[in-house]
Amino acid sequence: MTQPLFSAALPWARERSLSIEAQLGMLLLGHLLLWTWVGWSSRSNFDAPGDMVEAYAWAQGWQWGYYKHPPLSAWVVGVWFAVVPESQWGYSLLTALNAVIGLTGLALLAREFLPPRWVLLAVVVASLAPGITSLGMRFNANAILISTWPWTVALYVRFMHRGRRADALLCGLAAALGMLGKYYTAVLLLSLLATALWLPAWRARLRSRNFLWALGCFVLCFAPHANWLITQVHGPLQYARAATGQEGPGAALARALSFALAQCVFPLLAFIALRLALVGTSAGRGFLGAATAALRPRNDAVWLLAMLPVLATMAITVLTGARTAWVWGLAIAAGLSLLAAQRAHESGAQLCLRRLWRTLASIWLAVALLSPVWWQARALLRAPAVTEPREELALALGHAWALRHGGTLPWVTGTRALAASVSFYAPGHPRYWSLWSPAAETPWVDTAAVWARGGAIVCAITDEACQEEAEAWSADRQNLSAVKKARGFEFEAQAYVVYWMTPQITPVPF
């Protein structure tokens, strides 16, 4: 029989054309390219709250921690932009690469429980989950867990299955990196420990000498940050304490339930792809088993690894009143994908890789085409992610400074998201310092150096608190406007207030 045209156009879609390892490599490369394109083509700015440029600003001062979060996301951004130009595409490539690293860890984990063909299915399902794709494009302390969690779980499972010292040491390192990404990783570590205590075969590993090596590696890698943490008066612990206990039991329960519901709703599109890939008389039963796996507790490692982080998060939310956000669970998609693939495999359903690739290619094509359309739609709706002229503001500030004093703008502060954006986009990348609490938020900055070299304080026109603080630093006030022009659109000009700090001495290089 003649092969269908689509199959001929995509030789890797044939059942026996490429090895599973090669197909997995093509999947990861395709994901990297697609979501780099999406990140660049779907927005003119980064996230409106400024998490991404905040990480860039923090990276200017290498610390063991920062006032809101542990340091890993800032470290990664700092290393990345030491070699990649500060640009929209550069940050989009980083977010896509972060997801690919996590998917690679998931593949390593899935090999412990599934045949190679079904490993590919688990990774495909995870690669279509919003937590790893669209929501993961906002690189921050939540998104960094997309890459650290799967590797932590994979290396932990490998140690439990084999007991090797190398896996133990690597697991300790991965766990420490997860905690250096966000303290929410403690939920994952507690879930891993609970799983080992529940399963007799794993429980014995906890008494082994190599498990002590894992603990030792974790403590060694995390200790410098822990030492920094306990010395802080205004640090992550205080920031986290301010985010708990603010609501009654009813509100906390509602947050816990909404968190769990979000984790179940996120993978809907991915589960459609799973269903289309299943064939045979048991295909329907396999899909039903995959779709309801979370609701059918079982005494096995995969269910415990996938569901205990969800259940633990719900319990902690209710007990502490934490303002748990559903975006905390971005990395949970990997475990749920593995659970779905395992249940489908156990049902006796058969997997058609040709149909899997057809479905994936169709989704990729649709996403690639709709991404710039999504930009156009938000442009018509005047969404800030598209219309706000943050890059243009940065260029205007740099130009105004050059006219006033020559050279490049050395320092910038003000409304946090605006000032950090100026630091990212402006020529010479001026150093960011906090107007609000310099000692707590940017302790690496010497304010005497700021006074000496001068800089700009940029405030949103509606940010009266910023303007009040800025007046204590400078009386040289200027109203400045900037306009976003992109892809045939010229949006409305937006006004800002700038306070100029005149250099007190001749600038010298750092």
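- In terms of heavy-atom proximity, Ala283 sits nearest to Ala349 at CA-CB, 4.0 Å.
- Here the side chain of Arg355 pairs a donor or acceptor atom with the backbone of Leu276 at under 3.5 angstrom.
- With 3.5 Å as the limit, one finds no donor-acceptor pair spanning the side chains of Trp433 and Glu441.
- Between the side chain of Gln263 and the backbone N or O of Phe259 there is at least one donor-acceptor pair closer than 3.5 Å.
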Next item on the list: Output, in order, the C-alpha distance, side-chain angles, deciding distance and verdict of ring-ring contact (aromatic ring centres under 6.0 Å, His included) for His161 and Phe113.
Entry: CA-CA 11 Å; His161 284 174; Phe113 301 101; 5.6 Å; yes
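- Two residues are said to be in side-chain contact when any heavy atoms from C-beta on lie closer than 4.5 Å; Leu128 and Ile363 meet this criterion.
- Judged by distance alone, the side chain of Asn98 and the main-chain N or O of Ile146 form no donor-acceptor pair under 3.5 Å.
- Panel note: side chain Trp80, backbone Gly90; a donor-acceptor pair is recorded below 3.5 Å.
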Margin query: As a quick check of understanding, evaluate ring-ring contact (aromatic ring centres under 6.0 Å, His included) for Trp375 and Phe489, giving each step before the final call.
Written below: CA-CA 11 Å; Trp375 186 96; Phe489 285 84; 5.6 Å; yes
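- Aromatic rings from Phe139 and Phe46 are positioned such that their centres are separated by 6.0 Å or more.
- Heavy-atom minimum distance, Trp118 versus Gln350: CZ2-C, 4.2 Å.
- With 3.5 Å as the limit, one finds no donor-acceptor pair spanning the side chains of Trp436 and Ser434.
- Although no hydrogens or angles enter the test, the distance criterion places no donor-acceptor pair under 3.5 Å between the side chain of Thr408 and the main chain of Pro427.
- Residues Leu395 and His399 are not in side-chain contact: their nearest non-hydrogen atoms beyond the backbone lie 4.5 Å or more apart.
- The two residues Ala340 and Ala290 come nearest to each other via the heavy atoms O-CB, 3.4 Å.
- In this structure, Glu492 pairs ionically with Arg382, as a charged nitrogen and a carboxylate oxygen lie closer than 4.0 Å.
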Notebook entry, point to check: How far apart are the C-alpha atoms of Glu54 and Lys68, what are their side-chain angles, what is the distance that settles it, and do they pass the salt bridge (Lys or Arg N to Asp or Glu O under 4.0 Å) test?
Noted result: CA-CA 11 Å; Glu54 180 182 62; Lys68 285 199 299 185; 3.1 Å; yes
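- For Tyr432 and Trp58, the distance between ring centers is not under 6.0 angstrom.
- Using modelled atom types, one finds a donor on one side chain and an acceptor on the other under 3.5 Å when comparing Ser41 with Ser371.
- Using modelled atom types, one side-chain atom of Trp151 and one backbone atom of Ile101 make a donor-acceptor pair closer than 3.5 Å.
- Gln60 and Ser423 form a side-chain donor-acceptor contact under 3.5 Å, judged by distance and modelled atom types alone.
- Ring planes of Trp62 and Trp75: parallel class, angle under 30° (limits at 30 and 60°).
- In this structure the side chain of Leu192 reaches within 4.5 angstrom of the side chain of Thr152, judged on heavy atoms.
- Ring to ring, Tyr184 and His69 are not that close: their centroids are 6.0 angstrom or more apart.
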Residues 25-32 side chain polar contacts: donor-acceptor under 3.5 Å, at least two apart:
none

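- With contacts defined as side-chain heavy-atom distances shorter than 4.5 Å, the pair Arg111/Pro116 does not qualify.
- Taking 4.5 Å as the limit, every side-chain heavy atom of Val458 sits out of range of all side-chain heavy atoms of Val497.
- We find the CG-CG distance between Leu311 and Leu304 to be 9.5 Å, quoted to the nearest 0.5 Å.
- Judged by the 6.0 Å distance and 45° axis criteria, Arg487 is positioned over the aromatic ring of Trp40.
- Pro70 is not listed as a side-chain neighbour of Met179, based on a closest heavy-atom distance of 4.5 Å or more.
- The structure places CZ of Arg323 at 7.0 Å from CZ of Arg255, a figure rounded to the nearest 0.5 Å.
- Salt bridge status for Glu346 with Arg298: present, with a side-chain N to carboxylate O gap under 4.0 Å.
- Checked by atom type and distance alone, the side chain of Asn142 never pairs as donor or acceptor with a backbone atom of Gly329 at under 3.5 Å.
- Between atom OG1 of residue Thr185 and atom CH2 of residue Trp149 there is a gap of 6.0 Å, rounded to the nearest 0.5 Å.
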Next item on the list: For Thr148 and Leu72, run side-chain contact (heavy atoms from CB on, under 4.5 Å): C-alpha distance rounded to whole Å, both residues' side-chain angles, the deciding distance at 0.1 Å, then the answer.
Entry: CA-CA 10 Å; Thr148 59; Leu72 184 61; 3.9 Å; yes
Next item on the list: Using the side-chain contact (heavy atoms from CB on, under 4.5 Å) rule, take Val84 and Trp89 through it: C-alpha gap first, then chi angles, then the decisive distance, then the call.
Entry: CA-CA 10 Å; Val84 174; Trp89 70 264; 4.0 Å; yes
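- In this structure, CG in Leu288 is found 5.0 Å from CZ in Arg296, a value given to the nearest 0.5 Å.
- Between Pro430 and Trp411, every side-chain heavy-atom pair lies at or beyond the 4.5 Å cut-off.
- No more than 12 heavy-atom neighbours from other residues, nucleotides or ligands sit within 6.0 angstrom of CH2 on Trp374.
- Applying the disulfide (SG to SG under 2.5 Å) criterion to Cys459, with sequence neighbours excluded, gives Cys466.
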Notebook entry, point to check: Should Val483 and Glu392 be marked as a side-chain contact (heavy atoms from CB on, under 4.5 Å) after you check the CA-CA gap, both sets of side-chain angles, and the distance that decides it?
Noted result: CA-CA 7 Å; Val483 177; Glu392 290 75 9; over 6 Å; no
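- Within the model, atoms CG of Asp300 and CD of Gln342 stand 5.0 Å from one another, a figure rounded to the nearest 0.5 Å.
- Residue Val412 comes nearest to Ala419 through the heavy atom pair CG1-O, 3.5 Å, listed as atom of the first residue, atom of the second, then distance.
- Formation of a donor-acceptor pair under 3.5 Å by the Arg43 side chain with backbone atoms of Gly39 is found in this model.
- For Phe81 and Tyr91, the gap between ring centers is short of 6.0 Å.
- Nearest heavy atoms, Ala306 versus Gly335: CB-O, 3.4 Å.
- Atoms CD and CG, on Gln478 and Leu397 in that order, are 8.5 Å from each other to the nearest 0.5 Å.
- Judged by distance alone, with hydrogens and angles left aside, the side-chain atoms of Thr415 form no donor-acceptor pair with the main-chain N or O of Leu418 at under 3.5 Å.
- Of all non-hydrogen atoms in Ile132 and Ala99, the two that sit nearest each other are O-CB, 3.6 Å.
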Next item on the list: Test Met137 against Val38 for side-chain contact (heavy atoms from CB on, under 4.5 Å), laying out the working first.
Entry: CA-CA 9 Å; Met137 289 168 56; Val38 171; 3.9 Å; yes
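- Under a 3.5 Å cut-off, the side chain of Arg117 and the backbone N or O of Leu351 do form a donor-acceptor pair.
- Taking 4.5 Å as the limit, every side-chain heavy atom of Leu94 sits out of range of all side-chain heavy atoms of Thr36.
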